[in-house]
Amino acid sequence: QVQLVESGGGLVQAGGSLRLSCAASGSIFRINAMAWSRQAPGNQRELVAAITSGARTNYADSVKGRFTISRDNAKNTVYLQMNSLKPEDTAVYYCNADLVTGTMARYNTWGQGTQVTVSS
């Protein structure tokens, strides 16, 4: 069984920074793409940033220049550095991973989410 656990969320003032982490554990053969999405109350979940196994990245227009996604393949961990935070960044942030397990089954799995609240 594979599990994703996010951490690093919290309350921050506008203009501040937070760094989210998401660690994958379990029987993992390979992790392909990893990504961060977010969902604010009343809104649909939206993709924030994604990173491939080769470290190619893409970002939502709303976070370009402020957020940076990175990964540590040795630790099966993806990070999201969030700078210049705005109140509209307030949401529950979820990570997900496209991975292959030790039994060669391919899954796209999600974490439980971590709350980010930006006060004005």
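Below, each value reflects all heavy atoms present in this structure, side chains not excepted, and no hydrogens, waters or symmetry copies.
- When every heavy atom of Leu47 is checked against every heavy atom of Ala35, the shortest pair comes out as CD1-CB, 3.8 Å.
- Under the 4.0 Å criterion applied to side-chain N and carboxylate O atoms, Lys86 and Asp89 are not assigned as salt-bridge partners.
- Here Asn96 contributes atom CG and Arg45 contributes atom CZ; the two are 8.5 Å apart, rounded to the nearest 0.5 Å.
- Inter-residue side-chain proximity for Arg56 and Ile51 is flagged as unmet; no heavy-atom pair is nearer than 4.5 Å.
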Go through it in stages, so that I can follow the logic: the residues are Ile28 and Ile31, the test is side-chain contact (heavy atoms from CB on, under 4.5 Å), and I'd like the CA-CA distance, side-chain angles, deciding distance and then a yes or no.
CA-CA 7 Å; Ile28 299 171; Ile31 300 179; 3.7 Å; yes
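- Cluster membership for Val5 and Leu99, using ILVMFWY side-chain heavy atoms within less than 4.5 angstrom, is not shared.
- Using modelled atom types, one side-chain atom of Glu6 and one backbone atom of Gln112 make a donor-acceptor pair closer than 3.5 Å.
- Side-chain atoms of Gln3 do not come within 3.5 Å of backbone N or O of Ser25 as any donor-acceptor pair.
- With Tyr79 as the aromatic partner, Arg19 meets the cation-pi criteria of under 6.0 angstrom to the ring centre and within 45 degrees of the ring axis.
- Taking hydrophobic clusters as Ile, Leu, Val, Met, Phe, Trp and Tyr residues chained together by side-chain heavy-atom distances below 4.5 Å, Val63 shares a cluster with Val12.
- Remark: side-chain polar atoms of Arg66 are paired, donor with acceptor, to backbone N or O of Ser84 under 3.5 angstrom.
- Ring geometry for Phe67 against Tyr93 counts as tilted: the plane angle lies between 30° and 60°, on a 0 to 90° scale.
- A chain of hydrophobic side-chain contacts below 4.5 Å, direct or via other Ile, Leu, Val, Met, Phe, Trp or Tyr residues, connects Val48 to Val78.
- Just one of Val92, Thr90, Leu20 meets the side-chain contact (heavy atoms from CB on, under 4.5 Å) condition when paired with Val116; it is Leu20.
- Between the side chains of Ser53 and Asn32, no donor-acceptor pair is found at a separation under 3.5 Å.
- A single hydrophobic cluster is seen to contain both Trp36 and Leu18, as judged by linkage of ILVMFWY side chains at heavy-atom distances under 4.5 Å, directly or through other members.
- Defined by atom type and a distance below 3.5 Å, a donor-acceptor pair is present between the side-chain atoms of Gln115 and Thr117.
- A single hydrophobic cluster is seen to contain both Val118 and Met82, as judged by linkage of ILVMFWY side chains at heavy-atom distances under 4.5 Å, directly or through other members.
- Rounding to the nearest 0.5 Å places CZ of Arg30 at 8.5 Å from CG of Asp98.
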